[in-house]
Structures are given as structure tokens and as C-alpha cells.
Engineer: 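Below is a structure I'd like to ask you about.
Here is the naming used below: chain letters follow the sequence lines, and residue numbers restart at 1 for every chain.
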Protein chains: 2
Amino acid sequence: MVTIGDVAREAGVSRSTASYALSGKRSISPEVREKVEQAVRQLGYTPNAGARALATSQTKVIALLARFLDDEFAPAMLQYILGVTNEARELGYDTLLVSEEDGVSALKRISDSRMADGFVLLNVAERDDRLDILRAASQPGALVGLPAETAGVDVFDLDFEGAGRLMVDTLHDLGHRELVLVSQPEHVLERGGAYVWRLANAAADRAAELGVLLHPYFGSSTQPQIGRDLSAFLDAHPSATGLLLNNEAAAAALPSVLHERGLSSPHDLSVIGRYSDDFARTFSLPYSAIDSAAAELGRRAVEHLVSRIEGSTDAGTTVVDLIAPRIDDRGSIAAPPTQH
Amino acid sequence: MVTIGDVAREAGVSRSTASYALSGKRSISPEVREKVEQAVRQLGYTPNAGARALATSQTKVIALLARFLDDEFAPAMLQYILGVTNEARELGYDTLLVSEEDGVSALKRISDSRMADGFVLLNVAERDDRLDILRAASQPGALVGLPAETAGVDVFDLDFEGAGRLMVDTLHDLGHRELVLVSQPEHVLERGGAYVWRLANAAADRAAELGVLLHPYFGSSTQPQIGRDLSAFLDAHPSATGLLLNNEAAAAALPSVLHERGLSSPHDLSVIGRYSDDFARTFSLPYSAIDSAAAELGRRAVEHLVSRIEGSTDAGTTVVDLIAPRIDDRGSIAAPPTQH
DNA sequence: CTGAAAGCGCTTACAG
DNA sequence: CTGAAAGCGCTTACAG
């Protein structure tokens, strides 16, 4: 193993001079710098990460705490992860991926052993028991997902309330006056997914303001039950002209449901979903949808985390950054069919 | 930060005694051990990972080098990753997830800086330029995916040749004599996916041995083109009674293709796929298939890697472990329809 | 069974 | 502009 001592000897300088020549933290004569750099190239020197971490108290590692929930769409999870790892690398950090069931003890272990300079928590629930540990940790943390209590942490999430309003506004502007909203099943809420409520409540409020009739439902998260659910909802509201889906399984099942009923979108029914672009691609879904912005959320969380690690962010104030919803138009939105 | 010095002081012993009491590497009187353990609990001591790594030359970290290819099914990738992280944790290791485009320089960086004790490479191609670096590295490595040259590395993969034979044997035993095989598109081969050839060639050889007529094709990897491809293949071979799919997109498109043609499986056509269980679940696919065994491959790679890191595996010999193919029966295989 | 000391490979005040 | 030395927090021969 080649150390900075080898480099110093090869360059004919002291170890401290070699170190400073590489870090640039004090002025070095051009000749010495050149000799050191040549020695580095010649010997193929790379600093030992453990030694550097010990000396500087900086690991240049970010720990990513992931939670994998049963009926979650895996590509979406992967997009969060890639958003984090790619942005981290760009900022000079490596990523420790932690997938343990027991996120609390994992967080404690990594924090106490100082394996990472900061944490990104994925899939944060309304009440997330990892947060107490995180707040007590000496490293900063960024969350993807909005918990009930945001004090002391930076939070990044899609603006689900804005998403609910955008769905209703968009169809109202086109002339729709009766809509069906299909949310994820209630067990998703139970495990802490308050975002389902946030979207549904905001949509209901906006609909009430605008005089739009909105029928809210929970649908199953599995095939083929969700197909039957959708049929029942549409049967119950034959005059509804718009369908809002905050439920991935529903979006995947809808094409065959519409086919069976002899309906087409947007001619008979305008449809707006809320899922990731990957999801749309995997299933070749033709519905306009509000993107989950998974990679972007991961990126923003890391960007902010690193600025906190490196001390360029005010320690006193924390951030709640809700990404503005945007509809990816795939042509499933139009004016309602004219009555005749 | 609480160090082993704090623990030693609290317990009234020397630092070395505290260290040995915790590691158990030399005999310690019961009273001293108890005092040390109590001090640890009281102070909440966790060893500093960087310091330990520096002292022992062991990081207890495994680096996972992932490559993300365009038309790959993300849940399958995630299963490999989770297989690795979960098994690693079980064996006392954390996982550094490296997703850089430039796997060669990433591998070099992590290896030279000694951030990890070993490497798992995912998605290894026939000729993979990461392998030269890996062979020169001082840490051992395990591959998921079979390269042309396996010297010096441990390799884990599905037995694709066995898979091709198993597909043909299974249908031959039931009385089928004419089959269509749809492989992934040729661009998958170009980027190094020799497994496509391995399966196709072994299937062809076995078919020839058994006197089975096998029509091999490449199909598109995208909708809706693959649907048209499938229709064309079936049109071209109206007397074929079995369909073998080494192409995920084809499996996803097949239900609607069969529906359009008024065919049902296995009554009119026996079908065997080759994809992950997750893939089947995501698309609610009813076809019997050989599982990709992603998580299992990740687990085996880590298990073997750790035994190499810890020196319990003979350094002289390397392993090529091909998982025996197994058909998950989903009821799409039967005897061919009787002629009339 | 225990302690004092050296050493892992860095960085960074301290001195000149 | 450069060097000698201390220190980061561990582990582990060496000595008793």
C-alpha cells in the first residue's frame, strides 16, 4: 500500500508538505508541487479513507436509509435511490445503502460509529420512529416524505395538496363538473402515508369551492380486485366525466376496464393519475399524470444535506421543500363529452 | 464523542484492557469484564469505524457496483441489490452502493482508498472492462453475471444453458414437437448479454437432439412493437404448440396478443418464460417461468465474498456457481392440443 | 490476568 | 515557503 510517506520520500519533501501540496491548504512553491504531483502519479497514490476520516472527522459518505414496503412499485424506489447516489457522487460523496428492517437501530449504529457525515431517510411516515434518533444524532439529516413534526430536520416531498388542487382545477377549467377520485387503500394510510389524505382532502376542498361534485373512494392495491373496484365506481357515477387516480394499481388496471366498457379516454372520460414516469413507461400507460419526481426529490435532499454537512446552511432554520406538481400530458385530458 | 478512553476511565482499567474485554481476544477476569460492559452501556459507547478500519485494515463494508441499463426491468435490479445488502448486513457488513456510469474509475477509487473489504459487481458483461481492475485490486470480488474469462474471480449466475434445455425438455416430455423461442433484441447482446445466446443455443441443441422443431427469433424490447412481433411469429408457425420467452417485454405483451387471436394458454399454446417473480407479480402474468433468482444470486455472491474476505476460502481456487433453473408453475404448461 | 506503548495513515496547528 | 511533531481513536504485540 502506498502512503503519503512514500510520496513524500519520492518527492524529497516532508509528509506535511506533501499533504499540503495535495490539499492546497497553504502556499507551495511550484517546483515542490510539481515534484509531489509527479510522485503521486508515479506511485499511484490514493489517500486512505479511514485514516483521512479519523484525522478530519469527515467520511465523505452519506447514509441512505431505505424502507421497502410491500405493495410499493419498485422502480419508483430505485429512482429515489439513484437520485441520491448520483447527486451524492457529483458532490464528492459515496452512499451507504441501508435496507435493514429495523431502521431505528441501523440509524443509531451508523451515527454512533461515525460511518457517515449525514443521513437521507426515504419513505418517511407521518409518525416515523427514526426521527427521534435522527434529531439526537450529531450528523444532519434530510427526509424524503413529510412527517407530522418537521422540527430539526429538512424535508423534501411532492406537494400532494397542490397535486389534489391541480387535478381538480385542470378538469374544472375544461368544463368538467363531476369527478371520481380513487385513492390508495386504507392500509397504506395506516402505515403512515398521510400523503393520500393530503391529496384527497385538498381535492375535496377545491372541488367544493368550485362547485364540482367529487366522489372519493379507496381502491385496492392489487389486481384483479382494483379492476372490479373501478368498474363499480364508474357504475355508481355514470355522469362523472373525469377520473383522478392516486393509486398506481388503478392506473395499470384502467386500460382493460375502459376497453371492457367500450369507453375511450379522453373522449368519454378524462383521466389524471399521480405516479412516476417510470411507472407510466413500464406499463405503457396513456394517461396524463402528476409525476412523483422521485429522482428529483432524492437529488434535492442530498444537495441540501451536503450544504448542511459542509456548514454552508444556517443551522438554526430548517427547510420544508414541497415540489410543485406538474402534469405530464399524455393526451388523456379533454373537455367532457357534449350531452345529447 | 465517547471513546474507548472514556470507557476505560469509567471502568477504572487501561484502554487495552477495555478493548480486549470488548473483543474477547484475551482472557479477562469476570469482574473487569462486567465493569467494562457497564461503562459501555452507561456511556453509550460505539467504536469509531474509521479508527477501527485504520487499526485493523478492515472496513466491514462491501462495495456494490451496479450498472443500470436502459431497457432493464428495475424491480429485478432492486432484488439483486436487496439480496446483497440484506445478506451483507446479516454477516456484519454494510454496503456502499456505487452507481457511477464509469464503473472502472469507481472501482479503482474505492479499492485504492480502501473504503471496502470486497466488491460485488452486478450486471457483468461478456467482456467487462471492470474485471481488469478487479483482478489487480487487493480486495476480493464476486460477480453476478458470467463473463468470458472467469480467472481470478468468483462468479454467480443463473444457468442459462440449463434453462434453455429445461424449457425444451419440459415441453417435449408433454408431447410438444414444434416450438417458437423469442429472445431479447440483438442490442442486448451487443452490450454484452451473452446469456441470451447461452439460453438460445442450448435450447436449439437440445431440440435438435430430441427431434423437436425450434424456431428462434429476436423480439423487440418495447411496446407495442413486441406485440406485433409476437403476432408475426405465431402467424409464421401455425402448427407450433409451445412458446418460449427469454424476453420480458414479450411476456408482458403476450396476454393481449393471445386475447386478440382468440387463443388461450395452456389450452392452445403452452408458454414458458424466463423472468423474475417480481416481474410476474407486477404484471399479473399467468405464465410459468424460470425465475431469475436475483436476490438469491446477490446473497450467494456476498456469502462467498465474505468467506474470502475473512480468509476461510482457499485463495487458489475460484468458483463458478450457476444456479440450477427451476420453473415456477403458474399453469401455462400442458400437453399440446390434440389434432382433429 | 493486566498495562504502557507503538502504530495504522492521515491532517494541521506550531515553529521557523 | 517548509518541517517536525502531535493527535484523531482504535488494536495488538510486548512486558510483566
Engineer: Would you mind telling me which of D:dA4, C:dG3, D:dT11 lies closest to the side-chain atoms of B:Val13?
Structural biologist: C:dG3
Engineer: Please evaluate residues B:Ser99 and A:Asn86 with respect to the criterion side chain to side chain donor-acceptor pair (under 3.5 Å), reporting the C-alpha separation (whole Å), side-chain torsions for both, the decisive distance (0.1 Å), and the verdict.
Structural biologist: CA-CA 7 Å; B:Ser99 62; A:Asn86 290 337; 3.0 Å; yes
Engineer: Output the pairing pattern of DNA chain D as a dot-bracket string, 5' first, Watson-Crick or G-U wobble with both distances under 3.5 Å, | for cross-strand pairs, [ ] for crossing pairs.
Structural biologist: |||.||||||||.|||
Engineer: What pair of heavy atoms forms the shortest contact from A:Ile28 to A:Thr17, and how long is it?
Structural biologist: CD1-O, 4.0 Å
Engineer: Would you classify A:Ser19 as touching base, sugar-phosphate or nothing, given that sugar-phosphate means primed atoms plus P, OP1 and OP2, and contacts are heavy atoms under 4.0 Å?
Structural biologist: base
Engineer: Using a cutoff of under 3.5 Å, can you pull out all pairs of nitrogen or oxygen atoms linking the protein to nucleotides 13-16 of chain C, with atom names and distances?
Structural biologist:
residue	atom	partner	partner atom	Å
C:dA13	N7	A:Tyr20	OH	3.1
C:dA13	N6	A:Tyr20	OH	3.3

Engineer: When you measure from the side chain of A:Gln139 to the backbone of A:Arg114, do you find a donor-acceptor pair of N or O atoms at a distance under 3.5 Å?
Structural biologist: no
Engineer: Does B:Thr17 place a side-chain N or O at less than 4.0 Å from the phosphate oxygens OP1/OP2 of C:dG3?
Structural biologist: yes
Engineer: Nearest to the side chain of B:Arg15, heavy atoms from C-beta on, is which of C:dT2, C:dA6, C:dC10?
Structural biologist: C:dA6
Engineer: Could you tell me the separation between the NZ atom of A:Lys25 and the P atom of D:dT2, rounded to a whole number of Å?
Structural biologist: 18 Å
Engineer: Write down the distance between CZ (A:Arg9) and P (D:dA4), rounded to a whole number of angstrom.
Structural biologist: 13 Å
Engineer: Using a strict heavy-atom distance below 4.0 Å, which residues from residues 31-63 of chain B are in contact with DNA chain C?
Structural biologist: B:Val32, B:Leu54, B:Ala55
Engineer: Looking at B:Lys60, I want to see if its NZ is surrounded by more than 12 non-hydrogen atoms of other residues, nucleotides or ligands under 6.0 Å.
Structural biologist: yes
